[in-house]
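Note sheet for the following structure.
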Amino acid sequence: MVRVRFAPSPTGHLHIGGARTALFNWLFARHHNGKFILRIEDTDRSRSTEEYIESIIEAMQWLGLDWDEGPFRQTDRIEIYRKYAYRLLNENKAYRCYCTPEELEERRQKAMKEGKPPRYDRRCRQIGEVLDKPFAIRFKMPLEGETVVDDLVKGKVIFKNSEIEDLVILRSDGTPTYNFCVVVDDFEMRITHVIRGEDHLNNTPKQIHIYHALGINPPQFAHIPMILGADKARLSKRHGATSILTYRDEGYLPEALINFLARLGWSYGDKEIFTRQELIEYFNLEQVGKANAIFNAEKLLWLNSEHIKLTPEERLFELVKPFLIKEGYLKEVEILDINWACKAIKSLKERCRTLKELAHAMRYYILDYIEIDPKAREKYINSDTIPILREVTERLSKVEDFTQDNIEKIFMDIVNEKGLKLGQVAQPVRVAITGNTVSPSIYEVLEIVGKEKVIKRLRRIIDGT
RNA sequence: GGUCCCAUCGUCUAGCCAGGUCAAGGACGUAGCCCUCUCAAGGCUAAAACACGGGUUCGAAUCCCGUUGGGACCGCCA
């Protein structure tokens, strides 16, 4: 049984990189009919907050990355880690370190300045007796030999044990540290595959030794490449929308983001567009690449538009509602006729790349009156076009059955009778009805807006009010 | 500074493990054309890459070594 976990630390919102790690774990679990576990690594009490925990969970839920166990919190499990740490101490596999953080920091700075590796010099490892001073517990790393990490993505990676420092596993305040908690938790939670960012690759040999000291077998490791910003630096706030929830608020579909994230570092031949089910079916670690990837916002936008096209109008309507309300086009209690709304959305869905854009475009279907773009007005509403608009208004107002076909007939009649080009009629009308020079087919727009509003808006333009 | 990872179009990538079918394929973006009531969508076309240098081999994008470049880690952070 495959058991994987996503173990974010709540020191910030869920960002692109974290979400991709979560996704790969989730996909791997679902593909193998295994379990996906959520674990909150909040042992850094000074930086972890409840707010971030909630935010991460909200983002996971929005993405549809559901977990089977958890969320577990490491702060609830402190006693467990402490127990294991003291076990190692008693078995002489760890030792008390009496150096203070200040001393260590000082030595580190000095080492850096002298160009030496800023590593702990193991000075307390020699102390035989127990001193009456505050202490941290350090793990005894082997002093020689090699450790091989047989990584599912990177292959065999070899580390010299002499390069690995004696890391602190329990702080002097009694709290455990990251590298120790992961091992204990992954063991206790019976994790079979650890899929995480490549930034943890260097930690892996340390963890492997802790596994061995505890007398347990390490899980399989898979270190996936990093996601970098356009400047090739690690993705951070500087690169704009970094929180997953921001993408939700900007009108991205979760399935589009999932699709995008999946293709960042993983591929399935030439296929670009995947449904959630397809990803579960096709995902594997073998096809995960080794090189870092740069976050490409343009492609995400394109994928979003593709997924909007794939989404049924009914669902789009539900998804776009919050945006309509936020934009003020719709009051919260107001109810739109669903069939009408779907017709409106259908006309717009292949023209919009985000739900935000969709909501904005829908304004001219919903509102009674719309603002006319000054440039559009200048170009298309003038003494030449007012007579045309008058003619259109007059004829449209006589139409009983306000359908696309009937509307088109009227436009064509006017064009033929007056010897005009269709654009000479369509564009002024488009500006009068939508407020801009861009919209779906004008006949379609008129039908959806409806006779009453169409006539009202045209009259308003003609009257110059 | 040390250790580790990585290297195909601007970007995501296929191909690499099992060398020849690759004068390197797809996608985003860009440019042009077609369609056309506008804008999209769609269709067609174009520009655009095997980082560099050695080696192995009849043959290398694919295997080996080095160089360069990028990234990560080196905490009583995770």
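A note on names: the letters A, B, ... follow the listed sequences, proteins ahead of strands, and every chain is numbered from 1. No experiment lies behind these values; they were computed from the predicted model shown.
Here the closest non-hydrogen pair linking A:Arg196 and A:Thr21 is CA-CG2, 3.9 Å.
Between the CD atom of A:Glu41 and the P atom of B:A78 there is a distance of 9 Å, given to the nearest Å. One interatomic measurement links the two molecules: CD of A:Glu298 to P of B:U11, which rounds to 14 Å at whole-angstrom precision. With rounding to whole Å, A:Tyr268 atom OH is found 12 Å from B:G15 atom P.
One donor-acceptor pair, N or O on each side, does fall under 3.5 Å between the base of B:C12 and the side chain of A:Lys299. Within 3.5 Å, no donor on the side chain of A:Asn292 pairs with an acceptor on the base of B:G71, nor the reverse. Contact annotation: side chain of A:Glu105 to base of B:G75, donor-acceptor pair absent below 3.5 Å. Taking only distance into account, the side chain of A:Ser172 meets the base of B:C76 through a donor-acceptor pair shorter than 3.5 Å. Within 3.5 Å, no donor on the side chain of A:Ser439 pairs with an acceptor on the base of B:C39, nor the reverse. Between the side chain of A:Arg351 and the base of B:C39, at least one donor-acceptor pair of N or O atoms lies under 3.5 Å.
Using the Watson-Crick or G-U wobble rule with both distances under 3.5 Å, B:U21 pairs with nothing in any strand shown. Within the shown strands, nothing qualifies as a pairing partner of B:C39 under the Watson-Crick or G-U definition with both distances less than 3.5 Å. Partner assigned to B:C73 is B:G2, using Watson-Crick or G-U wobble distances below 3.5 angstrom. Pairing for B:A14 is absent, with no Watson-Crick or G-U wobble pair whose two atom distances lie under 3.5 Å. Partner assigned to B:C44 is B:G32, using Watson-Crick or G-U wobble distances below 3.5 angstrom. Across all strands shown, B:A7 pairs with B:U68; the Watson-Crick or G-U wobble distances both stay below 3.5 Å. Both distances falling under 3.5 Å, in either a Watson-Crick or a G-U wobble arrangement, occur for no nucleotide opposite B:U62.
Proximity of the aromatic rings of A:Tyr81 and A:Phe180 is defined here by a centroid distance below 6.0 angstrom, and this criterion is not met.
Side-chain atoms of A:Met226 lie closest to B:A72 of the nucleotides B:A72, B:A78, B:C37. Among the nucleotides B:C76, B:A7, B:G26, the one closest to any side-chain atom of A:Ala291 is B:A7. For A:Lys309, whose side chain is taken as the heavy atoms from C-beta onward, the closest listed nucleotide among B:G26, B:C77, B:G42 is B:G42. Side-chain proximity of A:Asn202 to the nucleotides B:C28, B:U3, B:A14 is greatest for B:U3. Here B:A78 is the nucleotide among B:C28, B:A78, B:C12 with the atom lying nearest to any side-chain atom of A:Asp44.
One finds no side-chain N or O of A:Thr11 lying less than 4.0 angstrom from the OP1 or OP2 phosphate oxygen of B:C77.
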ask   = Which is it for A:Trp266 and A:Phe274 under the ring-ring contact (aromatic ring centres under 6.0 Å, His included) test, yes or no, and what are the steps along the way?
value = CA-CA 12 Å; A:Trp266 174 82; A:Phe274 296 84; 5.5 Å; yes
Step-by-step side-chain contact (heavy atoms from CB on, under 4.5 Å) determination, A:Ile370 to A:Arg457 = CA-CA 8 Å; A:Ile370 38 94; A:Arg457 286 186 201 169; 3.9 Å; yes
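Look at A:Lys154 and A:Glu198 and you find a salt bridge, because one of the NZ, NE, NH1 or NH2 atoms lies within 4.0 Å of a carboxylate O, short of that distance.
The ring pair (Phe, Tyr, Trp, His ring centres under 6.0 Å) with A:Phe260 is formed by just one residue from the set A:Phe295, A:Tyr247, A:Tyr252; it is A:Phe295.
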